[in-house]
Amino acid sequence: MSTTETILATAKRTLLSESKSIADLVNYLDEDFAKSVTEIYNTKGRLVVTGIGKSALIAQKIVATLNSTGTPSMFLHAAEAVHGDLGMVQPEDIIICISKSGNSPEIKVLAPLLKRFGNTLIGMTADKNSYLGKESHYILHAYVESEACPNNLAPTNSTTAQLVLGDALAVCLMEMRNFKSEDFAVYHPGGALGKKLLLRVKDMLDTTHKPMVTPDASIKKVIMEISEKRLGVTAVIENNQVVGIVTDGDIRRMLNNRDTFTDLTAQDIMTKNPKNINSGILVSEALDILENNSITQLVVVDNNEYKGILHLHDILKEGIV
């Protein structure tokens with residue numbers, strides 16, 4: 001029965017073993033890596049990444065990373081390739097074949113087939129002298145001394161090394177393409193990052209339910225407008241322009257300070273010159289304004305025309321924070 005101490009010791013040993021394998025990879029980076037990156041960058045085709053077993057799983061992750069960072073990529077399972085899927089490969093495609101040993105039966109069958117149309121073959125392997133190493137135009141040397149597995153069998157350090165080399169490829173290609181956060185957001189429009197970098201106020205503003213009253217509106221009407229529109233605020237409009245706002249906080253303060261409000265109107269309790277934004281700014285920028293001013297609503301105005309109210313809760317619902 002393992003104790004907490006022995007479990008933690010094993011976990012730490014595994015992490016240190018894998019981290020050392022990653023650190024050692026810098027010693028195996030050479031001209032082939034640079035040439036591989038350059039060829040991938042210059043190709044008019046796609047990058048096809050293939051492998052078998054655990055290497056196939058790593059290949060899928062590398063493809064996902066490359067696609068999301070501007071390099072069109074496709075996963076090809078090595079076992080399925082020889083049963084028809086090889087037709088997915090086009091003449092201008094570049095192929096990365098991943099295999100720790102570089103000598104598995106599937107790889108020996110597949111490697112020469114991948115080159116028959118003149119495609120560039122990049123081998124990612126721990127053994128440069130393997131069959132895959134010798135068949136490849138370029139080699140990404142994913143050498144590891146051993147696996148973290150106590151039996152030196154289960155792919156651990158080796159698959160981590162493959163994954164890290166894939167990340168290194170992706171980052172190099174990103175820099176060559178001058179790939180920025182805005183570009184990344186284009187490929188992730190549905191996620192929180194995409195919304196933060198792309199979503200603008202006009203994309204989420206409800207312009208059909210915008211609370212507003214005139215300066216001479218009674219307090220009762222002000223309260224009813226705030227309650228009906230459920231935004232905790234109403235704009236005060238005069239001559240089609242926003243001259244102030246009344247928040248539910250203004251209503252509470254008024255009730256605390258007065259026994260009656262029958263003689264009051266909106267202009268008596270409104271906040272003049274409220275913070276406002278235009279609908280074209282990013283929602284993330286609007287959020288910064290809300291936080292910096294410790295407020296929960298912003299008036300949206302385009303060319304002096306009142307468009308509506310942006311509420312903090314609407315931003316939170318979008319999952320941007």
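Across A161 and V144, no two heavy atoms sit closer than the pair CB-CG1, 3.8 Å. Heavy atoms only, all atoms of each residue included: C97 and L132 are closest at O-CD2, 3.5 Å. Among all heavy-atom pairs drawn from V201 and A286, the shortest one is CG2-CB, 4.1 Å. Among all heavy-atom pairs drawn from P211 and Y306, the shortest one is O-OH, 2.7 Å. Of all heavy-atom pairs between R200 and G280, the closest is NH1-O, 2.8 Å. Nearest approach of A170 to T69, heavy atoms of both residues: CB-OG1, 4.2 Å.
Under a cut-off of 6.0 angstrom, the local environment of CE in M88 is crowded, with over 12 non-hydrogen atoms contributed by other residues, nucleotides or ligands.
No salt bridge links D206 with K210; every basic N to acidic carboxylate O contact stays at or beyond 4.0 Å. The pair K35-D32 fails the salt-bridge criterion, with no side-chain N (NZ, NE, NH1 or NH2) lying under 4.0 Å from an Asp/Glu carboxylate O.
Formation of a donor-acceptor pair under 3.5 Å by the H141 side chain with backbone atoms of T125 is not found in this model. In terms of modelled atom types and a separation under 3.5 Å, the side chain of S19 and the main chain of L16 share a donor-acceptor contact. The backbone N or O of T3 sits less than 3.5 Å from a side-chain atom of T6, completing a donor-acceptor pair. N152 places no side-chain N or O within donor-acceptor distance of the main-chain N or O of S146, the cut-off being under 3.5 Å.
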Considering only distance and modelled atom types, tabulate donor-acceptor pairs under 3.5 Å from the side chains of residues 231-240, sequence neighbours left out.
residue	atom	partner	partner atom	Å
T234	OG1	M212	N	3.1

Pair up each side-chain donor or acceptor in residues 98-115 with any protein partner under 3.5 Å, not counting sequence neighbours, and list the distances.
residue	atom	partner	partner atom	Å
S99	OG	G102	N	2.9
K100	NZ	E147	OE2	2.8
S101	OG	N103	N	3.1
N103	OD1	Y131	N	2.9
N103	ND2	S101	O	3.4
K115	NZ	E135	O	2.8
K115	NZ	E135	OE1	3.3

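The hydrophobic cluster containing I122 also contains Y143, counting ILVMFWY residues as joined when their side-chain heavy atoms lie under 4.5 angstrom apart, directly or transitively. A single hydrophobic cluster is not seen to contain both I295 and I269; linkage of ILVMFWY side chains at heavy-atom distances under 4.5 Å, directly or through other members, places them apart. Follow the hydrophobic side-chain contacts under 4.5 Å out from M204 and you never reach I309; the two are in separate clusters. Criterion: ILVMFWY side-chain heavy atoms under 4.5 Å apart, direct or through other members. Under it, L86 and I94 are not part of a common hydrophobic cluster. Follow the hydrophobic side-chain contacts under 4.5 Å out from I223 and you reach L264 in the same cluster.
In this structure, E39 CD and T120 OG1 are separated by 4.0 Å, a value rounded to the nearest 0.5 Å. Here the straight-line distance linking atom CE of M124 with atom CD1 of I58 works out to 9.5 Å at 0.5 Å rounding. Rounding to the nearest 0.5 Å places CG of L173 at 11.5 Å from OG1 of T65. The CG atom of N278 lies 11.5 Å from the CG atom of N304; values are rounded to the nearest 0.5 Å. Rounding to the nearest 0.5 angstrom, the gap separating the OG atom in S17 from the NZ atom in K12 is 16.0 Å. Atom CG of L310 is separated from atom CD1 of I289 by 9.5 Å, given to the nearest 0.5 angstrom.
For the pair V301 and V242, the minimum side-chain heavy-atom distance is below 4.5 Å. Residues L312 and L287 form a side-chain contact, since some pair of their non-hydrogen atoms from C-beta on lies under 4.5 Å apart. Proximity of V49 to L76: side-chain heavy atoms (C-beta onward) are nowhere separated by under 4.5 Å. Put simply, the side chain of N276 does not reach to within 4.5 Å of the side chain of K307, judged on heavy atoms. In this structure, L47 and I96 have side chains that are in contact, with non-hydrogen atoms separated by less than 4.5 Å. With a 4.5 Å cut-off on side-chain heavy atoms, L165 and L29 count as touching. Looking at heavy atoms from C-beta onward, I52 lies in side-chain contact with H77 at the 4.5 angstrom threshold. Using a 4.5 Å heavy-atom threshold, the side chains of S36 and L140 count as touching.
Among I95, I139, V48, the one residue that satisfies the side chain to side chain contact (heavy atoms under 4.5 Å, CB included) test with L121 is I95.
Residue pairs meeting the side chain to side chain donor-acceptor pair (under 3.5 Å) criterion with at least one member in residues 218-230, sequence neighbours excluded: E225-K229. Among residue pairs with one or both ends in residues 73-94, those qualifying as salt bridge (Lys or Arg N to Asp or Glu O under 4.0 Å) are R46-D93; sequence neighbours excluded. The stretch residues 161-170 participates, sequence neighbours left out, in these salt bridge (Lys or Arg N to Asp or Glu O under 4.0 Å) pairs: K61-D167. Within the structure, every pair that satisfies the salt bridge (Lys or Arg N to Asp or Glu O under 4.0 Å) test and touches residues 262-282, not counting sequence neighbours, is listed here: R258-D263.
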For side-chain contact (heavy atoms from CB on, under 4.5 Å), just list the numbers for T14 and T156, CA-CA rounded to whole Å, side-chain angles, deciding distance to a tenth of an Å, and then say yes or no.
CA-CA 9 Å; T14 302; T156 44; 5.8 Å; no

Determine, step by step, whether T71 and L169 satisfy the side-chain contact (heavy atoms from CB on, under 4.5 Å) criterion, reporting the C-alpha distance in whole Å, the side-chain angles of both residues, the deciding distance to 0.1 Å, and the verdict.
CA-CA 10 Å; T71 299; L169 276 174; over 6 Å; no

Audit row: E145, K20, side-chain contact (heavy atoms from CB on, under 4.5 Å) steps and yes/no
CA-CA 10 Å; E145 290 184 2; K20 182 179 184 302; 3.9 Å; yes

Please test V63 against L66 for side-chain contact (heavy atoms from CB on, under 4.5 Å), starting from the C-alpha separation and ending with a verdict.
CA-CA 5 Å; V63 165; L66 290 165; 5.6 Å; no

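Inspection of the D250 and T247 side chains reveals an N or O donor paired with an N or O acceptor under 3.5 Å.
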